[in-house]
Amino acid sequence: MNPTHLTADLNETQLAVVTAPTGPILVLAGAGSGKTRVLVHRVAWLISHEGVSPHAVLAVTFTNKAAGEMRGRIESLLGGPSGTLWIGTFHGLAHRLLRLHWREAGLPQTFQILDSDDQLRVVKKVVRAMELDETRWSPKELVYFINAQKDEGRRPKMLADEGDQTRQVMIKVYAAYEEACRRAGVVDFAELLLRSFELWRDQPDLLAHYQHRFGHVLVDEFQDTNAIQYQWVRLLAGPKSIPFVVGDDDQSIYGWRGARVENIHKYQRDFPGTTVFRLEQNYRSTATILNAANTLIANNSGRMGKTLWTDGARGEPIRLYAAFNERDEADFVITQIREWIRQGGKREECGILYRSNAQSRVLEEALLVARIPYRVYGGQRFFERAEIKDALAYLRLVSSRIDDASFERVVNLPTRGIGAKTLETVRDYARAQGCALWQASAATIAGGTLGPKGAQSLHGFLTLIERLAKETSGMPLHEQVDKVIHLSGLIDHYRKEKGERGEARVENLEELVSAANGYSPEEGSDLAPLESFLAHAVLESGEGQANEWEDSVQMMTLHSAKGLEFPLVFLCGLEDGLFPHQRSVNDIGGLEEERRLAYVGVTRAMRRLYISYAEQRRLHGIDQFGMPSRFIAEIPAELIEEVRPRVQVSRPLYSSRSGDTSGSRDTRKIEEPSHSSGLRLGQRVRHKKFGDGVILRLDGQGQGAQVEVNFERLGRKVLMLAYANLEPI
DNA sequence: CATACAGACATAAAC
DNA sequence: TGTCTGTATG
């Protein structure tokens, strides 16, 4: 083993982390400071210098992509396959455990994984079965409730009988949902984690085995762990196993899906003697960009504290553009991208980031018109497409007859004369008997409780599945898939669908066959290829647009930009209400998470950063007049240069430090029709009681004239212009 | 049973 | 404003 290539290109702190003596370690790694690098090198170091067996290492991440990258990098450092090393996502590893110990975990051997779509379907079914009003008991909210409970490790039984009636009902739905999952032999994502946690907690021998086996547990993106993931790590990293976690509290942006930054604090308490390292040297951005990021994030409270620095150049100022509206903003972005390309830059070096997906359309349209190729991240994933899910449902039924969600999905797809009435009878029977729809179908057919036509059609369906199971058993995986999509009638069904849509679906189904062909099950798995493939399909949803490798502009939300970097970055739509989002501004925790999101956005930029906001933005068909995001004011003014500054304006922004909001902005007079009062739409005004705000609407003239103002502190109010005494500012 | 239309809904998203 | 869902209709 060559020690120099492991340590040669590490800085002092990175080296200290990688070669640190064995013991609990917490690495606070700022954006662009080589976070994953340190983790990967640590693993390689343990194996090559500390004599740790790869067998004894467990490394956990959140996405398959990250896990794959990690494995690749470790292998290239070690110069060979990483073999028995366990690397994966929390869910992937939990799944692996449950497959190995399904009996101890109280699961059927053929248990299937429910994705979020399926989960919603099951909850809907439960709500209907309980005869609850779906408008009052929204299945979506119930799913949210159930997942939140599971993320915290709470079973229905553990939830106190107290609480108001609403909560009581939700708990009942939770319990009924669990029962439905048990009957169908399915496990949702949160359940994978909770169940494997309980497996360890309740089986001390098993836990001891894994604690003994995994001498080293490494966790990436630790700030994103939820309560149960933390408990899972904590159980494993008991007396024998040594934890090593890497994270950045300033980049915690997933609180809304259960992530708990506090786990970083907890960690230090739970593992006494933890050595804390800070990686603060940044290799990505210019000093200007880092300064902006540092100052911005300093507005948050309760941070672990970290200041990014670089020994690189100061770089260009951050450019700020005050667009008239969202179209103008998009045009601006395009002009700048053109300029970048003219100077020899590549399109793929440009990242357009925004807070919410709705913003992408206007930008896309502009890119389309400008004939600039682009790629939007976060589209629909391959395995989430309807036709693929249909095919998978057939395959799952072949593999596990009791999977009710799959049963419901395809009994009548393509239509084979099994209507609502037939299904209702079957469902009633299943409910009464507590059995799966499959058994209920057989029983109701035999019992003669169905109409003759329904019975015959249903029988046809059962026979079809049995036939598929029999004929495909022992076949190579891709032939199984091929056979199923053809014999089920899915291919024909979609072929009939008119237009490009149908064609695309048939192509996707064919793509599924080749995906199956290229699939090789994880090593050491004793699962049949089909079962293994099905689990893979749920856990690894597949990249959106796989092989479009044209040099293209990258568009995505700020959330999906985490972990990426671009030489040129646009942060679009920096308006209060949009970013920070309206739903977060009234709560300090929410606002701080938004600020971390802004921090993530700023730190994506390597060389050039543009920030833009629109004075007027059409959202959901209504024109909104927003104020520049407070985050802009939290960046030191001397780092910002306004693009195309307008005459007679010194600073169009309010300054954060002085709290002074009076810097008046020039709204373009040409486009804004003026009112007899001398006021304009979008104008900033002061009211002696309500404070400062922006004019949203001006109605009527003279005595009866009304004005709607969006006040900074109080939100929107409609006032009589004659009495409002508004003072333009 | 496929299609058309009306109505609800609209923060972010991995597994 | 645009998209998706569920229901009404032929």
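Atom set for the values below is all heavy atoms of this structure, side chains included, hydrogens, waters and symmetry mates excluded. Chain letters run A, B, ... following the sequence lines, proteins first and then strands; every chain starts at 1.
- More than 12 non-hydrogen atoms from other residues, nucleotides or ligands lie less than 6.0 angstrom from CZ of R154(A).
- Spacing between atom CG of N226(A) and atom P of dC15(B) amounts to 15 Å, rounded to whole angstrom units.
- Atom CD of Q456(A) has 12 or fewer heavy atoms from other residues, nucleotides or ligands within 6.0 Å.
- Among the atoms of the strands shown, only primed sugar atoms or phosphate atoms (P, OP1, OP2) are found under 4.0 Å from some heavy atom of G417(A).
- One C1' atom belongs to dT3(C), the other to dA14(B), and the distance between them is 23 Å to the nearest Å.
- In this structure, I622(A) atom CD1 and dT1(C) atom P are separated by 10 Å, rounded to whole Å.
- Tested against D250(A), the residues R303(A), R596(A), K562(A) include a single salt bridge (Lys or Arg N to Asp or Glu O under 4.0 Å) partner, R303(A).
- Look at CE on M556(A): it is 12 Å from P on dA14(B), rounded to the nearest Å.
- Rounding to the nearest 0.5 Å places CG of D220(A) at 5.5 Å from CG of L39(A).
- Base engagement by F189(A) is indicated by at least one non-hydrogen atom pair under 4.0 Å involving a base atom.
- As rounded to whole Å, 12 Å separates atom P of dC1(B) from atom CG of L413(A).
- Shown here is H459(A), whose NE2 atom has no more than 12 heavy atoms of other residues, nucleotides or ligands within 6.0 Å.
- Checked against dA2(B), dG2(C), dC15(B), the side chain of T415(A) finds its nearest nucleotide in dA2(B).
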Contact pattern, 5' to 3', of nucleotides 8-13 of chain B - B, S or - by protein heavy atom under 4.0 Å: --BBBB
Sequence-aligned protein contact record of nucleotides 4-10 of chain C, with B where the base is within under 4.0 Å of a protein heavy atom and S where only the sugar-phosphate is: --S----
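- When Watson-Crick and G-U wobble pairs are counted only if both distances are under 3.5 Å, dA8(B) pairs with dT3(C).
- A donor-acceptor pair shorter than 3.5 Å can be found between the side chains of Q119(A) and D188(A).
- For the residue pair S252(A) / E593(A), no side-chain donor-acceptor distance below 3.5 Å is found, with atom types taken as modelled.
- Ring to ring, H559(A) and W256(A) are close: their centroids are under 6.0 angstrom apart.
- With both ends at atom C1', the span from dT5(C) to dA12(B) equals 22 Å, rounded to whole Å.
- Backbone-only engagement by N64(A) is indicated by non-hydrogen atom pairs under 4.0 Å involving sugar-phosphate atoms exclusively.
- No more than 12 heavy atoms of other residues, nucleotides or ligands sit less than 6.0 Å from atom OH of Y144(A).
- As rounded to whole Å, 10 Å separates atom C1' of dA14(B) from atom CG of D224(A).
- Contact of T63(A) with dC15(B) (side chain to base): no donor-acceptor pair of N or O atoms is detected under 3.5 Å.
- Counting to the nearest Å, the P atom of dT1(C) and the CD atom of Q624(A) are 13 Å from each other.
- Following rounding to the nearest Å, F383(A) (CZ) and dC15(B) (P) show an atom-to-atom distance of 12 Å.
- Figure legend: cation-pi geometry between R182(A) and Y177(A) absent, as NZ or CZ is not positioned both under 6.0 Å from the six-membered ring centre and within 45° of its axis.
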